[in-house]
Amino acid sequence: MEPMNCPVVERFDLSELTFPEADVLTTPEEKSARRTDLHRATQLGNLSRTKVRVEFWDAVGCKVLHTTVWASTAHVVVFKEGMTLPVHRVARITFPDNHHSSVV
């Protein structure tokens with residue numbers, strides 16, 4: 001699956017967005033790959049401050065963040081300065097060329 005051409009937003013914009021309750025991913029395999037990628041992004045963010053591309057959907061449509069992931073739980077992804085994004089709205093994490101993504 002190729003990354004979509006979505007508008008880039010800043011992490012500060014997250015507080016202004018509305019996120020529906022439905023998960024953007026449908027299969028257990030996609031959800032498992034997302035969890036693996038969020039874990040890897042968190043490790044890279046904490047160990048080497050590596051930025052990743054986070055493709056997500058708000059109530060309006062697809063958006064992209066280029067940022068460092070500081071933490072992730074079962075429910076939220078945490079970025080610098082306490083900005084958060086619901087995990088169930090993350091469609092894809094894309095890593096820099098020298099890192100691997102497990103997205104289906």
Nearest heavy-atom pair of [X] and [Y]: which atoms, and what distance?
X     : Y     : result
Val52 : Pro96 : CG1-CD, 4.5 Å
Val54 : Phe79 : CG2-CE2, 4.5 Å
Thr73 : Arg35 : O-NH2, 2.7 Å
Ile93 : Val90 : CD1-CG1, 3.9 Å
Ser72 : Leu38 : OG-O, 3.8 Å

Determine whether a donor-acceptor pair (N or O, by modelled atom type, separation under 3.5 Å) exists between the side chain of [X] and the backbone of [Y].
X     : Y     : value
Asp13 : Glu10 : yes
Asp37 : Arg92 : no
His88 : Pro20 : yes
Arg34 : Val87 : yes
Ser32 : Pro28 : no

To the closest 0.5 Å, what do you measure between [atom1] ([X]) and [atom2] ([Y])?
X     : Y     : atom1 : atom2 : result
Thr68 : Arg11 : OG1   : CZ    : 8.0 Å
Trp57 : Lys63 : CH2   : NZ    : 9.0 Å
Cys6  : Phe56 : SG    : CZ    : 9.0 Å
His39 : Thr36 : NE2   : OG1   : 8.5 Å
Arg89 : Asp58 : CZ    : CG    : 7.5 Å
Phe19 : Thr84 : CZ    : OG1   : 8.0 Å

Tell me, with the steps shown, if Arg49 and Trp70 meet side-chain contact (heavy atoms from CB on, under 4.5 Å).
CA-CA 9 Å; Arg49 306 295 189 251; Trp70 291 109; 3.3 Å; yes
Is the closest side-chain heavy-atom distance between Pro86 and His75 below 4.5 Å?
no
Please step through side-chain contact (heavy atoms from CB on, under 4.5 Å) for the pair Thr94 and Glu55, ending with a clear verdict.
CA-CA 8 Å; Thr94 306; Glu55 183 180 308; 5.7 Å; no
Full working for side-chain contact (heavy atoms from CB on, under 4.5 Å) between Leu65 and Leu14:
CA-CA 10 Å; Leu65 279 172; Leu14 292 172; 3.9 Å; yes
Between Lys31 and Glu29, is the salt bridge (Lys or Arg N to Asp or Glu O under 4.0 Å) condition met? List the steps.
CA-CA 5 Å; Lys31 293 174 185 181; Glu29 294 81 14; over 6 Å; no
Under the side-chain contact (heavy atoms from CB on, under 4.5 Å) test, which residues partner Glu21, sequence neighbours left out?
none
